[in-house]
Amino acid sequence: MHQKWMRSTVLFFSIILLLQASFLNQEASSRTNEIQNFDNLYFQALVNSSARQYKEALPKLEAANKLRPNDADCLEAIASTYIHLRKHGQAIPFARKAAALDKEFEQPRLNLATALLATG
């Protein structure tokens, strides 16, 4: 009887461990996909921006920002894109947040100054 109970207990905990491993694997896979999606969106937006296709870049940057809302580079790119589109008021919160997240990153402060001067 004791051996049967032990086997059942071992089997139960083995199933629990397998379920946890499966869940962690799915979670890691999901995180990898999220990183790849961010990188793809951000890279495509940079390609658009370098070709001065700011209207095409903006939705990609906004989608990337939803995946990583605290990425200073992405926030700066959004602010810069709004400035190129002459939507200075919309650039301000993105430039402010990017500047606050990375104190050594100068471009967000330059974007913020540009946007604030343009809006009066």
Side-chain angles (χ1 to χ4, degrees):
M1 179 78 169
H2 180 68
Q3 273 186 331
K4 201 176 198 180
W5 179 82
M6 286 293 287
R7 272 189 256 149
S8 296
T9 303
V10 168
L11 181 62
F12 173 76
F13 284 110
S14 296
I15 291 170
I16 295 294
L17 290 174
L18 285 171
L19 289 172
Q20 284 179 331
S22 174
F23 176 76
L24 290 174
N25 190 25
Q26 288 175 351
E27 196 173 271
S29 177
S30 174
R31 182 72 179 131
T32 300
N33 287 340
E34 184 179 306
I35 290 169
Q36 288 174 343
N37 287 341
F38 173 86
D39 290 344
N40 288 337
L41 288 164
Y42 187 70
F43 178 73
Q44 289 172 10
L46 293 181
V47 169
N48 288 136
S49 291
S50 66
R52 298 182 180 195
Q53 299 169 339
Y54 303 113
K55 287 182 183 179
E56 292 81 0
L58 189 58
K60 293 170 188 162
L61 289 168
E62 289 172 337
N65 181 243
K66 286 181 183 174
L67 294 171
R68 285 195 206 161
N70 292 321
D71 187 288
D73 291 314
C74 185
L75 291 163
E76 183 281 322
I78 293 171
S80 180
T81 301
Y82 275 125
I83 289 169
H84 285 291
L85 293 171
R86 303 203 184 284
K87 296 181 178 183
H88 298 91
Q90 290 175 276
I92 293 170
F94 293 100
R96 273 199 175 120
K97 188 172 179 182
L101 287 170
D102 189 345
K103 306 271 188 240
E104 295 179 17
F105 191 14
E106 292 179 17
Q107 192 59 47
R109 290 192 301 278
L110 294 171
N111 287 341
L112 181 58
T114 300
L116 288 170
L117 285 171
T119 57

Out of curiosity, Lys87 NZ to Leu58 CG, how far, rounded to the nearest 0.5 Å?
-> 7.0 Å

With rounding to the nearest 0.5 Å, note down the distance linking CG in Asp102 to CD in Gln107.
-> 12.0 Å

Scan side-chain atoms only and decide if Asn48 and Gln53 contain a donor-acceptor pair under the 3.5 Å cut-off.
-> yes

Quick one: OH on Tyr82 to CD1 on Ile92, what's the gap to the nearest 0.5 Å?
-> 12.5 Å

Is it the case that Asn40 and Gln44 place a side-chain donor and acceptor less than 3.5 Å from each other?
-> no

For the atom pair CG (Leu61) and OG (Ser80), what is the distance rounded to the nearest 0.5 Å?
-> 9.5 Å

List the steps and the verdict of side-chain contact (heavy atoms from CB on, under 4.5 Å) for Asn111 and Phe94.
-> CA-CA 9 Å; Asn111 287 341; Phe94 293 100; over 6 Å; no

Straight-line distance of Leu110 CG to Glu76 CD, nearest 0.5 Å = 9.0 Å

Kindly give the heavy-atom pair with the smallest separation between Ala45 and Ala57, and that separation in Å.
-> O-CB, 3.5 Å

Only one of His84, Gln90, His88 passes side chain to side chain contact (heavy atoms under 4.5 Å, CB included) with Arg86; say which it is.
-> His88

Heavy-atom distance under 4.5 Å between the side chains of Ser49 and Thr81, does that happen here?
-> yes

Is any side-chain heavy atom of Cys74 less than 4.5 Å from a side-chain heavy atom of Phe38?
-> yes

Of all heavy-atom pairs between Leu116 and Thr119, which one has the smallest distance, and what is that distance?
-> O-OG1, 3.1 Å

With the 4.5 Å side-chain cut-off for hydrophobic clustering, are Leu75 and Leu46 part of the same group?
-> yes

Pro69 backbone acceptor or donor facing Lys97 side chain under 3.5 Å | yes

Is the side chain of Arg109 donor-acceptor paired with the backbone N or O of Phe105 at a distance under 3.5 Å, no angle test?
-> yes

Do you know the tightest heavy-atom contact between Leu67 and Asn37?
-> CD1-CB, 3.8 Å

Smallest heavy-atom separation, Ala91 atom then Ala79 atom, equals CB-O, 3.4 Å

In the single-linkage hydrophobic clustering (I, L, V, M, F, W, Y; side-chain heavy atoms under 4.5 Å), do Leu85 and Tyr42 co-cluster?
-> yes

Rounded to the nearest 0.5 Å, how far apart are CG of Leu41 and NZ of Lys60?
-> 8.5 Å

